[in-house]
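What's counted below: heavy atoms across the whole structure, side chains too, no hydrogens, waters or symmetry copies. Below, chain A is the first sequence line, B the second, and so on; all start at residue 1.
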Amino acid sequence: MSSSPRRTPTPPGRSSGRAAIPSSRGPRSSSRSRAGPAGSPRSRRSSPRRASTSGASSSSAPQPASWRPRSPSTTSSGPARSSGSTERQRRSGTPRPHGLCRAPALPRADRSRYAPRHSEVLMPKAERIADVLAGRTPPGAPVTVQGWIRTRRDSKAGLSFLHLHDGSCFAALQVVAPATLDNYADEVLRLTAGCAVTASGTLVPSQGQGQALELVADSVEVVGWVDDPETYPIQPKRHTFEYLREVGHLRVRTNTIGAVARVRHSLAMAIHRFFDERGFYWVHTPIVTASDAEGAGEMFRVSTLDLGNLPRTPDGAIDFAEDFFGRPTYLTVSGQLNIESYCLALTRVYTFGPTFRAENSNTSRHLSEFWMVEPEIAFADLGDNADLAEDLLRSAFRAILDERADDLAFFAERIDREAITRLEALVASSFARMEYTEAVEVLQRSGRAFEFPVAWGLALQAEHERYLCEEYAKRPVVVVNYPKEIKAFYMRLNDDGRTVAAMDVLAPGIGEIVGGSQREERLDVLDARMRELHFDPAAYWWYRDLRRYGTVPHAGFGLGFDRAVAYATGMANIRDVIPFPRTPGSADF
RNA sequence: UCCGGCGUAGCUCAGUGGUAGAGCGGGUGACUGUUAAUCACUUGGUCGUAGGUUCGAAUCCUACCGCCGGAGCCA
């Protein structure tokens with residue numbers, strides 16, 4: 001929209017082969033996801049754990065029946081399917097011990113597609129590896145697991161060790177594959193990182209160090225091979241995050257991004273739980289908005305007009321009456337104005353959804369598409385608002401400490417030594433509170449030579465905010481009551497006439513994680529502020545109505561969800577805590 | 001957008017004017033209840049692209065493309 005035009009050709013520095021991967025793999029992955037979440041209603045109903053909506057993770061869900069091909073009508077129709085079979089047949093016609101040909105023999109491929117699975121005959125379902133490792137499987141009982149190979153190690157003692165991940169937890173399950181398996185030489189010895197398998201066997205105490213339990217397999221069925229192990233993008237080694245962003249469709253198979261995905265989920269659920277337990281209602285505010293001056297940032301235009309042939313009014317301007325909504329529309333930069341409407345009826349509400357900013361921001365803390373949590377509370381002032389922000393953050397991070405200890409241990413070991421201690425400190429202590437005026441004094445007294453000037457009336461720069469929370473308070477700081485000139489029109493004017501009831505929560509290492517305010521509930525004051533800032537009150541007629549009909553003091557804030565995930569994990573770049581980051585000039589995958 | 005840095009094998013990087021390298025990965029073999037196993041051999045590059053300087057350019061110059069970090073904007 002308002003960002004720069006897309007470069008069309010394959011970017012230099014990328015091999016054409018790699019660039020071709022998405023298109024060549026598209027059909028396959030989509031067919032897999034069809035076989036997953038779109039499985040039979042029966043299996044979906046009977047599996048409360050299958051909350052995931054992604055094709056990849058659903059494949060690891062404990063319901064073989066839900067993604068196994070079942071009826072001829074869903075498995076064998078369509079030219080793509082049959083040509084795929086032909087392709088596989090041709091490639092596997094002359095099996096070679098190594099090289100590019102790693103497809104299994106045709107009968108096996110056929111069986112996996114059209115016949116009942118081995119695992120289904122013996123086992124009612126597969127277990128999540130998390131459940132297996134947590135001891136929820138009786139010792140000695142037969143177990144089936146499904147997942148992707150991370151490493152394979154062979155022993156001349158007549159067995160191979162497979163480390164299998166299914167994403168259910170940080171740890172891998174060690175599968176011991178004895179050489180006596182039918183397909184040991186043909187298949188097990190050819191397994192490489194990324195291969196998908198179904199392994200059945202018996203859970204036993206491990207003879208080796210490094211894990212308490214392991215699965216001694218009596219069957220290892222290869223579900224999906226890796227075409228070319230040499231160029232499989234995710235190798236069992238350290239990759240830079242920059243590189244992993246180039247393989248965004250596969251990077252979740254790494255320890256780090258997988259752990260981020262689980263923490264992200266748990267944090268989102270903890271936030272919903274926090275609000276639900278306190279009587280807040282989740283409100284789905286619109287993504288498309290016509291408010292073009294919410295003041296929160298540049299907006300993406302939403303339009304169906306033909307950009308090559310724009311309709312014009314008689315005076316030559318673009319005729320938005322011809323556009324889809326009959327007026328200029330944009331992607332939302334905040335659900336706040338809408339959530340205030342629901343707040344003034346439901347009292348406690350919040351939004352949790354995607355938000356869009358077309359700023360040309362190129363930093364480790366900004367995304368063009370990000371997720372924001374925006375609570376709004378009625379009959380409340382700025383103090384209540386700050387209390388809510390603090391309670392929310394502490395509660396949500398407490399939940400992460402409780403629920404994702406395995407992933408956090410990894411972050412503390414490999415990503416950020418302070419990952420756990422920082423969260424524990426935040427959960428255990430209260431946030432510092434500080435007036436803007438006081439913050440300015442603290443900065444002026446600090447003796448620091450800041451790059452940007454510190455004076456009452458000026459905005460706090462990143463270096464100032466960092467000093468306040470990282471060095472002065474050494475914990476999150478809530479700064480309140482900013483000069484009205486540097487804050488938005490809807491923030492409530494304080495009695496001093498020069499400050500507004502705004503607040504920012506500054507977190508060490510991440511900066512501003514929450515921004516909010518008590519809203520101006522007095523219509524005359526609101527109108528005066530809008531006039532000062534040259535806003536057209538008529539455009540905000542419905543927002544003004546809220547002040548005409550039963551207005552009450554109310555307040556709310558925005559929590560940058562992705563920044564919270566970054567804070568919780570210690571990840572340095574926000575692009576690595578959202579599944580598919582959108583940033584200026586980049587909307588891959 | 002501004003400032004700075006980077007672009008060399010599938011990945012991580014070394015190579016600062018004179019025969020393109022290492023580790024990891026892949027392959028082969030040895031060895032082993034292994035733990036990102038170990039050891040040996042082997043495979044693998046149009047040095048981002050296009051110009052220019054030079055007898056000679058991965059190396060120096062220019063432009064462009066891409067990526068990263070910092071800043072601004074903000075969550």
Side-chain angles (χ1 to χ4, degrees), chain A residues 3-4 7 9-15 17-18 96-100 102 150-163 171-172 174-178 190 192-193 204 206-211 214 216 226 228-247 254-255 295-298 333-334 336 354-374 451-452 459 461-463 465 488 504-507 510-516 557-567 572-575 583-586:
Chain A
S3 36
S4 52
R7 305 125 193 75
T10 300
R14 284 188 179 179
S15 75
R18 200 194 300 160
R96 287 180 288 151
H98 54 84
L100 289 178
R102 286 176 175 77
R150 198 64 70 80
T151 61
R152 186 198 89 225
R153 289 178 298 276
D154 305 319
S155 167
K156 266 297 183 298
L159 37 85
S160 291
F161 300 97
L162 309 174
H163 273 190
Q174 174 156 287
V175 175
V176 181
R190 284 162 51 213
T192 56
V204 301
S206 178
Q207 297 177 36
Q209 307 296 310
Q211 62 280 315
E214 63 190 16
V216 177
V226 166
D228 181 7
E230 186 177 0
T231 56
Y232 178 60
I234 308 299
Q235 297 171 355
K237 58 169 289 189
R238 266 190 110 84
H239 290 293
T240 62
F241 293 128
E242 293 81 3
Y243 166 71
L244 289 175
R245 281 172 218 147
E246 297 176 12
V247 288
T254 63
N255 280 336
E298 293 294 312
V333 293
S334 166
Q336 186 207 310
T355 308
F356 307 86
R357 304 271 168 96
E359 306 284 351
N360 191 7
S361 296
N362 293 287
T363 82
S364 57
R365 303 176 307 283
H366 289 87
L367 293 164
S368 306
E369 175 184 280
F370 62 100
W371 286 64
M372 189 155 63
V373 181
E374 297 177 282
E451 185 184 345
F452 291 90
Q461 302 293 319
E463 57 174 348
E465 297 180 341
D504 284 351
V505 178
L506 315 175
I510 197 78
E512 183 182 341
I513 195 171
V514 164
F557 61 83
L559 164 66
F561 178 67
D562 313 273
R563 287 184 181 178
V565 177
Y567 185 84
N573 196 312
I574 201 166
R575 294 162 198 159
T583 53
S586 174

*Return the nearest nucleotide to the side chain of A/V176; candidates are B/A75, B/G33, B/G25.*
B/G33
*For A/G208, report the nucleic acid contact type (base, sugar-phosphate, nothing); a contact means any heavy atom under 4.0 Å.*
base
*Check the geometry between A/F370 and B/A75 and answer yes if their rings are stacked (centres below 5.5 Å, planes below 30°), otherwise no.*
yes
*Between B/G44 (P) and A/Y232 (OH): distance, integer Å*: 25 Å
*For B/G44, give its Watson-Crick or G-U wobble partner with both distances under 3.5 Å, or none.*
none
*When rounded to the nearest Å, what value does the distance between P atoms of B/U19 and B/G56 take?*
15 Å
*asked:* With a 4.0 Å cutoff (strictly under), does any side-chain N or O of A/R365 reach OP1 or OP2 of B/C73?
replied: no
*Rounding to the closest angstrom, what is the interatomic distance between B/U49 and B/A57 at atom P?*
15 Å
_Minimum side-chain heavy-atom gap A/I574-A/H366 below 4.5 Å_ = no
*State, yes or no, whether a side-chain contact exists between A/F370 and A/R357 at a heavy-atom distance under 4.5 Å.*
yes
*Looking at every strand, decide which applies to A/T240 at a 4.0 Å heavy-atom threshold: base, sugar-phosphate, or nothing.*
sugar-phosphate
*With the side chain counted from C-beta on, respond yes when A/N360 and A/E298 share a heavy-atom pair under 4.5 Å apart, and no when they do not.*
no
Nucleotide N/O of nucleotides 37-40 of chain B paired with protein N/O under 3.5 Å:
from: B/A37; atom 1: OP2; to: A/R153; atom 2: NH1; distance (Å): 2.4

*Student check: side-chain heavy atoms of A/E451 and A/Q461 closer than 4.5 Å*: no
*What nucleic acid atoms does A/F452 come within less than 4.0 Å of, heavy atoms only: base, sugar-phosphate, or nothing?*
sugar-phosphate
*asked:* Using a heavy-atom cut-off of 4.0 Å across all strands, would you classify A/Q174 as base, sugar-phosphate, or nothing?
replied: base
*Residues in side-chain contact (heavy atoms from CB on, under 4.5 Å) with A/E512, at least two apart?*
A/E465, A/D504, A/L506, A/R563
*Would you say a side-chain N or O of A/Q235 is under 4.0 Å from OP1 or OP2 of B/G26?*
no
_Side chain to side chain, A/V176 and A/F161, heavy atoms closer than 4.5 Å_ = yes
*Base, sugar-phosphate alone, or nothing: which one does A/S364 contact when heavy atoms must sit under 4.0 Å apart?*
sugar-phosphate
*Answer with base, sugar-phosphate or nothing: what part of the nucleic acid does A/R150 contact at a heavy-atom distance below 4.0 Å?*
nothing
*Would you say the base of B/C73 and the side-chain of A/S361 have a donor-acceptor pair closer than 3.5 Å?*
yes
*asked:* Between A/N362 and A/T583, is there a side-chain heavy-atom distance shorter than 4.5 Å?
replied: no
*Nucleotide paired to B/U34 in any strand shown, Watson-Crick or G-U, under 3.5 Å*: none
*What is the distance from CZ of A/R357 to C1' of B/G72, rounded to the nearest Å?*
15 Å
_Applying a 4.0 Å non-hydrogen cut-off, can you work out what A/E369 is touching in the nucleic acid: base, sugar-phosphate, or nothing?_
nothing
_In whole Å, measure the gap between the P atoms of B/U43 and B/A50 for me._
28 Å
*Hey, does the side-chain of A/R575 have a donor or acceptor N/O within less than 3.5 Å of a partner on the base of B/C68?*
no
_Residue whose nearest RNA chain B nucleotide is more 5′ - A/E465 or A/Q209_ = A/Q209
*Using a cut-off of 4.0 Å on non-hydrogen atoms, how would the nucleic acid contact of A/N573 be classed: base, sugar-phosphate, or nothing?*
sugar-phosphate
*Below 3.5 Å, does any donor atom in the side chain of A/H239 face an acceptor in the base of B/C11, or the other way round?*
no
*Along RNA chain B (nearest heavy atom to each residue), the more 5'-positioned of A/A572 and A/H163*: A/H163
*Which part of the nucleic acid does A/V514 contact within heavy-atom distance under 4.0 Å: base, sugar-phosphate only, or nothing?*
sugar-phosphate
*In Watson-Crick or G-U wobble terms, both distances under 3.5 Å, what is the partner of B/G29?*
B/C39
*Touch class at under 4.0 angstrom, heavy-atom based, for A/E451 against every strand present*: nothing
*Partner of B/U53 by Watson-Crick or G-U wobble geometry, both contacts under 3.5 Å, or none?*
none
*Apply the test side chain to side chain contact (heavy atoms under 4.5 Å, CB included) to residues A/Q336 and A/M372: give CA-CA distance (whole Å), side-chain angles for both, the deciding distance (0.1 Å), then the verdict.*
CA-CA 10 Å; A/Q336 186 207 310; A/M372 189 155 63; over 6 Å; no
*Below 4.0 angstrom from OP1 or OP2 of B/G33, is there any side-chain N or O of A/S155?*
yes
*asked:* Test side chain to side chain contact (heavy atoms under 4.5 Å, CB included) on A/E214 and A/V204; report intermediate values, then the result.
replied: CA-CA 6 Å; A/E214 63 190 16; A/V204 301; 3.8 Å; yes
*Evaluate the side-chain proximity of A/H239 to A/V247: yes if any heavy-atom separation is below 4.5 Å, no if none is.*
no
_Students often get this wrong, so: under 4.0 angstrom with heavy atoms, is A/A462 touching a base, only sugar-phosphate, or nothing?_
sugar-phosphate
*Distance between P atoms of B/G15 and B/C65 (Å, rounded)*: 28 Å
_Checking base pairs now: Watson-Crick or wobble, both atom distances under 3.5 Å. What partners B/G4?_
B/C68
*asked:* At 4.0 Å (heavy atoms only), tell me whether A/E242 reaches a base, stays on the sugar-phosphate, or touches nothing.
replied: sugar-phosphate
